[in-house]
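First comes the structure, then the notes that go with it.
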Amino acid sequence: MTRAFSAARKPRCRLACYAASLSLLMLWNASAHARSLESVIERGALTLCASPNALPFASKFGPVPGFQIELGEKIAEQLGVKLTREWVVSAIQHRRADCDLVLDVIARKDTEPPGGVRVSRPYHRSGVVLAVRSDSPASSLANLGSDQRVGVPVGSLVSMTLAKGGAATSPFVYEDDIVAALANREIEAAAVTPMTVGWFNLQHADKPLRLIPAFDNDSDLNWNIAAGLLRPDDKLQQRVDAAIEALLADGTIARIYARYGIELRTPR
């Protein structure tokens, strides 16, 4: 398994994947087709939209499919159908995609997705953490010196939050590049998702990064993760919710995540 992960292509995603999922949901406004459980059963397939090159989320290439593909297959299996994939990387492709399902959607109780999209029962809790090198003495943001920079996704909420607090930050486009810069001692800490750190640590066991829960009390920097369903009828929604419930209960989702270095966290 380690060899397979090492051979995987470099992912260019992380927070961008969440943004892509949300963009897809926004663009689903244009779709006129409602999805019913009956139509999914008749078709014999549940269609997942995913990126073709964004490990650990999903990959069209090589032996490692990504946890979204593995989870999608298990959900489809619970519905008694197979999983089909629509590979999407741009807004134009999202607009043309004919999907039933997208995974790792941010689910907030105070925000309804547009366009008849529904989110499933949440299955994971994610957010932003502070990562440091294993030899760093830092145990909190306050331990960082005024000249010690924190790598942040450019234009992100955590970037603005840290800047308001007077922290020195360095912006990056991709979370992968932030943790690489941290490991190479170009910055002192990184404000990234636990998924990014878990995937990095799995591939770099010789120089693992350490997590500090520096933003646990900031509700804007923590969120539940769910599946997004395109205009489902009540029966399809209920079956997907039940599938996720069963996969959580028997440990399937935790095992899938663990294969990608990610610890499953209980939604709140």
Side-chain angles (χ1 to χ4, degrees), residues 2 5-6 8-23 51 53-57 67 104 106 108 124-225 257-258 260-265 268:
T2 300
F5 277 118
S6 299
R9 293 187 176 197
K10 182 181 181 182
R12 308 298 300 176
C13 195
R14 309 297 185 271
L15 278 178
C17 281
Y18 292 125
S21 294
L22 293 175
S23 297
S51 173
N53 186 21
L55 285 175
F57 294 88
F67 62 77
D104 296 303
I106 295 175
R108 299 187 66 100
H124 181 50
R125 182 79 174 169
S126 190
V128 181
V129 296
L130 193 70
V132 296
R133 291 181 294 277
S134 58
D135 60 357
S136 170
S139 59
S140 69
L141 268 173
N143 294 142
L144 297 178
S146 59
D147 60 338
Q148 292 181 313
R149 293 192 170 275
V150 180
V152 295
V154 62
S156 63
L157 182 59
V158 70
S159 172
M160 292 185 280
T161 300
L162 289 173
K164 287 180 181 177
T169 61
S170 291
F172 293 79
V173 175
Y174 298 108
E175 286 200 354
D176 310 271
D177 294 331
I178 301 177
V179 292
L182 175 60
N184 292 331
R185 301 184 179 278
E186 298 168 20
I187 55 178
E188 197 60 30
V192 292
T193 59
M195 288 180 174
T196 294
V197 179
W199 179 244
F200 178 90
N201 285 346
L202 190 68
Q203 298 177 302
H204 302 85
D206 57 327
K207 47 182 178 182
L209 304 178
R210 177 166 56 85
L211 297 183
I212 298 173
F215 308 105
D216 269 9
N217 295 326
D218 190 331
S219 60
D220 289 330
L221 298 180
N222 294 273
W223 51 79
N224 287 337
I225 296 296
Y257 271 28
Y260 295 86
I262 301 163
E263 180 183 0
L264 183 67
R265 298 171 63 198
R268 297 178 189 169

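Residues P153 and I178 approach most closely at N-CD1, 3.6 Å, considering heavy atoms. The shortest non-hydrogen separation linking A189 to L130 is CB-CD1, 3.8 Å. The two atoms that bring G151 and F172 nearest to each other are CA-CE1, 4.0 Å, heavy atoms only. Considering all non-hydrogen atoms of both residues, G261 and L202 come closest at N-CD2, 4.0 Å. Between P194 and L211, the closest heavy-atom pair is CB-CD1, 4.5 Å.
Atoms CG and OG, from L221 and S126 in turn, are 11.0 Å apart once rounded to the nearest 0.5 Å. M160 contributes atom CE, which lies 9.5 Å from atom CG of D220 (distance to the nearest 0.5 angstrom). Taking OH of Y260 as the reference point, atom CG of L55 lies at 7.0 Å (rounded to 0.5 Å). The distance from atom CG of L144 to atom CD1 of I212, rounded to the nearest 0.5 Å, is 7.0 Å.
Judged as a side-chain hydrogen bond (donor to acceptor under 3.5 Å, both in side chains), and not counting sequence neighbours, R265 has no contacts. Taking the side-chain contact (heavy atoms from CB on, under 4.5 Å) definition, one finds that E263 meets it with nothing, sequence neighbours left out. In this structure S170 satisfies the side-chain hydrogen bond (donor to acceptor under 3.5 Å, both in side chains) test with no other residue, sequence neighbours excluded. Taking the side-chain contact (heavy atoms from CB on, under 4.5 Å) definition, one finds that A258 meets it with nothing, sequence neighbours left out. Every side-chain contact (heavy atoms from CB on, under 4.5 Å) that A167 has, sequence neighbours left out, goes to L162. Residues forming a side-chain hydrogen bond (donor to acceptor under 3.5 Å, both in side chains) with N143 (at least two apart in sequence, or on another chain): S139, S140. Partners of S134 under the side-chain hydrogen bond (donor to acceptor under 3.5 Å, both in side chains) rule, at least two apart in sequence or in another chain, do not exist in this structure. The side-chain contact (heavy atoms from CB on, under 4.5 Å) test applied to S136 returns V132, A138, E188, R210, not counting sequence neighbours. Take R185 and apply the salt bridge (Lys or Arg N to Asp or Glu O under 4.0 Å) test, not counting sequence neighbours, and it matches D135. Evaluation of the ring pair (Phe, Tyr, Trp, His ring centres under 6.0 Å) rule for Y257 yields F67, H124 as partners, not counting sequence neighbours.
Remark: the backbone N or O of W223 is not paired with any side-chain donor or acceptor of R108 at under 3.5 angstrom. In terms of modelled atom types and a separation under 3.5 Å, the side chain of N222 and the main chain of N217 share no donor-acceptor contact. A distance-only check finds a donor-acceptor pair linking the side chain of T161 to the backbone of L157 [under 3.5 Å]. A donor-acceptor distance shorter than 3.5 angstrom exists from the side chain of N201 to the backbone of L209, with no hydrogens or angles considered.
Using a 4.5 Å cut-off on side-chain heavy atoms (C-beta onward), F200 and L182 make no contact.
Pairs passing the side-chain hydrogen bond (donor to acceptor under 3.5 Å, both in side chains) check and including a residue from residues 144-154, sequence neighbours excluded, do not occur.
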